Protein chains: 2
Amino acid sequence: MVRYSSEHKQQTRDSIVREAAVELRRSGPDKVSVALIMKRAGLTHGGFYAHFDSKEALLQTALQWMFTDRQNYFAGLLQRYGQQQGLSRYIDAYLSDMHRNHPESGCPLPALGADVSRLPQALQQAYQDGVASILQTFSQALPEFFQTQREQVARSAFAELSGAILIARSIHCPQEAGQWLRSSRESLKARLQLPLDNPEGQDHVSATE
Amino acid sequence: MVRYSSEHKQQTRDSIVREAAVELRRSGPDKVSVALIMKRAGLTHGGFYAHFDSKEALLQTALQWMFTDRQNYFAGLLQRYGQQQGLSRYIDAYLSDMHRNHPESGCPLPALGADVSRLPQALQQAYQDGVASILQTFSQALPEFFQTQREQVARSAFAELSGAILIARSIHCPQEAGQWLRSSRESLKARLQLPLDNPEGQDHVSATE
DNA sequence: ATGTTTATATGATGGGCATCATATAAAGGT
DNA sequence: ACCTTTATATGATGCCCATCATATAAACAT
């Protein structure tokens, strides 16, 4: 009942990591179970320990993977559309209904932020490295205008981004949630000196979709 | 091994609710256990169902209680210091190290926001009512200046408040966390037209402490 | 003082979980 | 064709949990 070729194990491992990253954001660290992740990857729970030393080891890899994925997505936007347009599109996608409805492929901060401080040290570290990397990319993308205050502005703006999605996700009614997203979108565009609307083109939530 | 007078049951029930509200914010909805809450209230797990129909019923009451507590706290500040000073103090307390270090007595949004969408309908409703009530108080406290845009400004500002605490809590290093808090404090004071510093006086995190 | 009521305690029960021990079957060399 | 290796499956084990059944002992009425 098993078929595999020579490098299937690596592929299997990768798919376990991806499913873990999805399930982690969808269900939270306390509800994510090894058995469920394995099932999502098309396997049973028993083989898990042939791939990872522990659940914690898997989650650490999954965290790193999801931050890298987001980083690639953001960097891709900046490269394709330039700093100003790229940043503007990032904000639009971040505060979109799509992102609100799909935490499983979205930014880790609103999805996992509240749980991080209760996680084992190793996972906290992986998370913080990811946050630092996002902050750096974000502040570098800010208009020249802000000069030495770039980091400060980036922190403030990113706080609003993640808070707006956090709240929008906690509100059941789509219209009301949309008001929160729109309020922050307009506020951010204004204070970051960005144009309110973008040229045509689809915005994606993640580099993997 | 039990002592109680005539209305001790109500007192016991209240203390169960308070401990639940604390433990809910401290450990999250998935990790909070009936047995632990009862122990914190000085009881054992068995008597629980004499007070509540289910764990869910307790959590609903606890959610309502914590929002009411926060509401009282906020309204108290506004009444004692006036709208402008009260709002300014609220922001300072919200973005304080104290609030960062004590989610268990702080605002429910950064502590529970990520979990709400996975909770049973009844709990989501209780949560949303609380959010609506905070938003209303916040927008009414905003300077006249903003006129018809008060709600929009309030949403944007509250998103930044909760996002900043969310992120600051997820960062282990106190100095780095402090930078996130300071960045948002300054940004918010500026865009809400509030003075940067307050007259002397302690800021509290919650009405119950 | 004795018996009834009621608040809390002790001790199941059944389910989910992480982890591990062992079994099976595919790949690849011989 | 056979044997070894290796990727995955099956089936424990022991722990924690929500809920419930039953026991105990305080409070109160008589």
Side-chain angles (χ1 to χ4, degrees), chain A residues 1-63 115 118-123, chain B residues 1-63 115 118-123:
Chain A
M1 226 174 219
V2 190
R3 57 261 131 92
Y4 48 87
S5 73
S6 54
E7 84 298 302
H8 260 139
K9 192 180 183 184
Q10 182 61 38
Q11 287 182 18
T12 300
R13 192 190 139 104
D14 289 348
S15 84
I16 294 172
V17 169
R18 256 180 289 113
E19 293 302 331
V22 162
E23 212 51 46
L24 192 52
R25 283 171 289 188
R26 196 203 319 270
S27 313
D30 294 327
K31 276 245 192 87
V32 78
S33 83
V34 169
L36 178 62
I37 294 171
M38 292 299 277
K39 188 193 276 189
R40 290 255 194 277
L43 301 167
T44 58
H45 66 280
F48 175 75
Y49 290 88
H51 291 280
F52 296 94
D53 284 349
S54 65
K55 185 184 179 181
E56 182 180 333
L58 165 62
L59 295 187
Q60 179 170 350
T61 308
L63 264 182
D115 301 302
R118 305 191 284 259
L119 261 32
Q121 255 290 322
L123 300 191
Chain B
M1 222 174 225
V2 189
R3 56 261 129 90
Y4 50 86
S5 75
S6 54
E7 84 299 300
H8 259 138
K9 193 182 182 183
Q10 182 61 39
Q11 288 181 19
T12 300
R13 192 191 138 105
D14 289 348
S15 83
I16 295 173
V17 170
R18 258 179 288 114
E19 294 301 330
V22 163
E23 211 52 45
L24 193 51
R25 284 171 287 188
R26 199 204 317 272
S27 314
D30 295 326
K31 276 244 190 89
V32 78
S33 84
V34 169
L36 178 62
I37 293 170
M38 292 300 276
K39 189 192 277 190
R40 290 255 193 276
L43 302 167
T44 57
H45 66 279
F48 175 76
Y49 289 86
H51 291 281
F52 297 92
D53 284 349
S54 65
K55 184 184 180 182
E56 180 179 334
L58 165 62
L59 294 188
Q60 179 171 348
T61 308
L63 263 183
D115 300 302
R118 305 190 284 258
L119 261 33
Q121 254 289 321
L123 301 191

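Given the structure is predicted, the values throughout are model-derived calculations rather than measurements. All values below were derived from every heavy atom in this structure, side-chain atoms included, with hydrogens, water molecules and symmetry-related copies excluded. Here is the naming used below: chain letters follow the sequence lines, and residue numbers restart at 1 for every chain.
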Please report, rounded to the nearest Å, how far the P atom of C:dA18 is from the CG atom of A:Asp53. 16 Å

Name the one of B:Arg40, B:Gln11, B:Met38 that satisfies side chain to side chain contact (heavy atoms under 4.5 Å, CB included) with B:Ile16? B:Met38

Expected output is a numbered-order residue list: members of residues 26-39 of chain B with a heavy atom under 4.0 Å from any atom of DNA chain C. What is it? none

Can you see if the side chain of A:Ser54 gets near the phosphate of C:dA18 - specifically, an N or O under 4.0 Å from OP1 or OP2? no

If I take atom CD1 in residue A:Ile16 and atom C1' in nucleotide D:dA7, what distance separates them, rounded to the nearest angstrom? 11 Å

Nearest non-hydrogen partners of B:Pro29 and B:Leu24, listed with the distance: CA-CD1, 3.7 Å

Nearest-angstrom distance from the residue atom OH of A:Tyr49 to C1' of C:dT19: 5 Å

Should B:Leu59 and B:Phe52 count as side-chain neighbours, where that means a heavy-atom distance under 4.5 Å? no

How many Å lie between NZ on B:Lys55 and P on D:dC20, as a whole number? 14 Å

Measure from CZ on B:Phe48 to P on C:dT10 and round the result to the nearest Å. 18 Å

Closest non-hydrogen atom pair, A:Arg118 against B:Ser27: NE-O, 3.3 Å

Just verifying a value: how many Å separate A:Thr12 OG1 and A:Phe48 CZ, rounded to the nearest 0.5 Å? 13.0 Å

Within residues 49-58 of chain A or reaching into it, pairs that qualify as side-chain hydrogen bond (donor to acceptor under 3.5 Å, both in side chains) - sequence neighbours excluded: none

Would you tell me if any nitrogen or oxygen in the side chain of A:His45 comes within less than 4.0 Å of OP1 or OP2 on C:dC20? no

Length of the line joining B:Phe52:CZ and C:dT8:P, which is rounded to integer Å: 12 Å

Just how far, in rounded Å, is P of D:dT8 from CZ of A:Arg13? 12 Å

